[in-house]
Amino acid sequence: MADKAVSEEASMDGQAPKPTSIPVTDNTVWADASPLLDAACIGLRYGELIHGDNFNLFAAMSALEIMDPKMDSGIVCRYYSIDEAIENGAAPVPISLDSTIDVQCTIDIMDHLLACEAAWHKGHSLAQTVFSCIYLLRLDRTASHALLHSYGRVIRATCKAVLSVVSDARTHEEEDLFTMTYGLPLNGDGDEKCLSMLNAVEETISRQLRACKATSSKRRVSEDLEPLQYNPNLEEGFCKALLCRLRFRKHFFHVLTCMKRPQGRGLELARKHIASCISELEFILKSAEFLQSCSGESCEDDIDDKTTASGREPIGFDASLNSRLSAPTPPRAIKILSWKKAVEYFVKLLHDLDVICSYSLDPHLENLLRFVVQFQKSQPDLVARSHLQLLLVQDGKLYGRDPIFAVITKAAALPEATKNHDIQKNESILQLGQCYYILQLVMNLLKILCTNAAWQRRKLGKILQDWRVIYLQLELALRNEFGEVSSSSNDENICMKIFQHILIWVEEQTYWIACRFLMLGFELELYSASEYCMVYWYSYAVLIKLAEKTHLKMAVSYDTAKRKGKKKRDSPKDLVRESRIPPAVLFLQCYICLAEGLTMMLAALRNEFMILQSPSPFNTEQEKFVQHFELLQRACIPDHASYLSFKESTTHARFSTLVMYNYFKDAQRIAKEVKSSFSNDPDRLAELRKLEQVAEHNSVALNLICRLGALDPSLKVSFEFSHHPFFATAVVRRS
Amino acid sequence: MEASSEEKAEFEEAEIKYVSYEGEHHLPLIMSLVDQELKQAFHKGKCVGTVVCKMGEHRNTFRGYIAMLVVIKPYRGRGIATELVTRSIRMMMESDYEEVTLEAEVTNKGALALYGHLGFIRAKRLFHYYLNGVDVFRLKLLFPRQELHYSVPVMTNRDEVMNMLIWIALEECSGLPYSEERMSC
């Protein structure tokens, strides 16, 4: 028996039994199961799974761990531990006894680390990217190599800083590989001083650069400076190549530190460091030529795919080492970005961060929402988006500075005088729970708007119900508290006003979210051309409500200001202002005209020419309608927007009538009219120009189809987003 | 008979037979397809395509899921994939399932067109779903709502794991008829 053999062996040898972490008790004894397992292995054939009374097929399938080196013996690694790799010379310190090669290899390591860092930012795990560097896994070993050591420390500190930003933002659901750090040595003692170490090295190399320049001009040189490497012809090139890399790291770390300062206090300084980073990246790119020329290797065609400027493979990297140490892999083969692409990535990241740092921290919610939507158009990556989110919502305040409730009252267009005094006095009207809930909704909305478009759309759809619920609760409370409108005490009147304002604002905000939800569908390419008609129809219905609520909010605000005694009597100017539609509403009306125009044009195309239909054997247009607008319908946004009403609105669309009442012409007119009101807003001006183009092209197409469509069967109509990401332009071609 | 992967195979519609998965003896056919090996499987017929589906309950909805669809290269573009998927969906519909779903890469124009024509919409986009950084669409087909009746979906072989549905497209070899057993679904 196996166990007997073991105990006998132990006593015969006179040696202590093998050390175990689980002590042997009276009822247990260690037994060697190896022979049993060997026999089982021989008995099992390929494709067979163990099957027992308490171990069925499901259990057996669940037990399989493919590609995890700890569980899958089929996975073969070169080294089975970091120590083994080091013992076999995978990460020598110094890298080479030849100082020139040592410097070259150090630069290669720096470049490859940059590429790894970019790959990590793009969505892979730290273990397979930055921490595939053996030097980083045992950084203490590099203490004698100042360059490598200081660079490693800064990388480690940088990764830690970036990681904490993304973790704090906590909206990286689909990008969850980013924050995995199991078993990785991210915390280094003294890493806070990494910059001073880096500065010291930078200083040394700067002096060396000055010295070798002085030498070349035959001036006297200091005796105590040791050259970087032994070839004096290459000294200047190497010094420059190293300096820009060190400086980039220094400035990048400063960017992160500055942006982390509360209430956006460090943003201006961050911009300076961002500018320095970008200029150092340019120097880094320029250094490639020199590094390639002295690498001694022939110029290869696929230099663009390499992860280093020199084109050489870096020493000291092995991604498979971590697969044994970190959960919850199995690791998939990933591709590290090329060095060129990595630099491009960082340039983009820095530009995105710069946009954030230039933001004026506008206390007006509607301006903030517009800024975030605009920012997202450049498709910023996770790191940039996380920074934005942390800037916007800190300590339950906007920018860590403005209480959210103050932001809401401003957004609800409550007159200045109403705010602090009355609300504090009448805190009870908005029952504490509802108050708190609204704050949470707003903070949640801001966070959601900073996430990637795909995730964002799903979340926006889900919160529609929450916003609707709070609206209904407030409406009920308003009715219960105030019943009919009476001219009772001034205080009660003010309460009611506050209530009204907030109610209107909540509704406006809800429709804004619904609008964003629908528009994101175009950005994400969720709609097929045969579905555009219903989407534009639904958007039209939502936009009408949004415009209505926005207008109402402004009208009520003006009215409230009047009642507070700000306006003694209605001057002619006041009457004109009252009847004039605010520019923000006109902007929405432009949207409405385009949406209606597109709905009808698409409907007419279907009705008259039978195109853009998609008959399916398994379901009808109704099911598609229900699916696309399910979340909106559930929240009754808007009321009475059903498939039936969609059909009713569009069944009779004909080109002959559309040409007579041309919605696109209306859109053009409004866009022209409202431009002057936005002369200080370059983003909106730019969009108005695009809207004009959409209106113009569609109007022309409409007329063309009306005149020629029935006569010329070779005409093909397609819809492209060539001018505006949401409003399509009809393109008429001859096939 | 092996077809070179470069040539398009010549065949007539009637030469493709569709059979439902019958048991483990079909597994090697499916595995060989996935391995992209053109081994002649069994005595009659060459497996040229397969679809693997799952049917079950998900959050109170009876939902079908299309896990895998493959047709070997020389036989593509002839509607075999459409037929495989159509048969599966029809079976789900007849079993009173409410919807069918699957994921498809955003770059897979062929799959998106195929499912689009069958009535699927792109319900969601999932960011970087696959580790190569590609997004996917979650495609969903909603069946028209039937009159409310309290029938239970018909399930065959209720397995503790899931209800699998597999269709295989077999190409007839010339001159060899199919047995009745083979053709039954």
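Each chain gets a letter, A, B and so on, in the order the sequences are listed, and its residues count up from 1. What's counted below: heavy atoms across the whole structure, side chains too, no hydrogens, waters or symmetry copies.
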| Looking only at atom types and distance, does a side-chain atom of B/Arg125 sit under 3.5 Å from a main-chain N or O of A/Leu524, one as donor and one as acceptor? | yes
| query | Where the side chain of A/Asn619 meets the backbone of B/Pro144, is there a donor-acceptor pair that is under 3.5 Å apart? | reply | no
| task | Name the region of A/Glu525, side chain, backbone, both or neither, that has any atom closer than 4.5 Å to a heavy atom of chain B. | result | both
| said: Given heavy-atom pairs under 4.5 angstrom as the criterion, report whether the side chain, backbone, both or neither of A/Lys122 touches chain B. | reply: backbone
| note | Ranked by heavy-atom pairs below 4.5 Å to chain B, first place among A/Ser528, A/Ala453, A/Pro617 goes to A/Pro617
| task | Would you mind reporting whether B/Val100 and A/Phe618 have side-chain heavy atoms less than 4.5 Å apart? | result | no
| message | Can you confirm whether A/Leu526 sits close enough to B/Lys124 that some side-chain heavy atom of one is under 4.5 Å from a side-chain heavy atom of the other? | response | no
| remark: Taken to the nearest 0.5 Å, the spacing of A/His628 NE2 from B/Lys140 NZ works out to 12.0 Å
Greater than 12 external heavy atoms within 6.0 Å of [X]'s [atom1]:
X	atom1	result
A/Gln379	CD	no
A/Ile611	CD1	yes
A/Lys341	NZ	no

| field | Smallest separation among heavy atoms of B/Ile121 and A/Gln627, with atom names | value | CD1-CB, 3.4 Å
| task | Mind listing the closest non-hydrogen atom pair of A/Arg457 and B/Ala123 along with its distance? | result | NH1-O, 4.1 Å
| request: Output all residues satisfying side-chain hydrogen bond (donor to acceptor under 3.5 Å, both in side chains) with A/Thr620, sequence neighbours left out; order by chain, then residue number. | output: A/Glu623
| query | Where do B/Leu126 and A/Arg458 land on the side-chain contact (heavy atoms from CB on, under 4.5 Å) test, with the steps shown first? | reply | CA-CA 10 Å; B/Leu126 301 169; A/Arg458 297 201 312 272; 3.3 Å; yes
| Proximal to chain A - members of residues 112-120 of chain B, heavy-atom separation under 4.5 Å | B/Gly116, B/His117, B/Leu118, B/Gly119
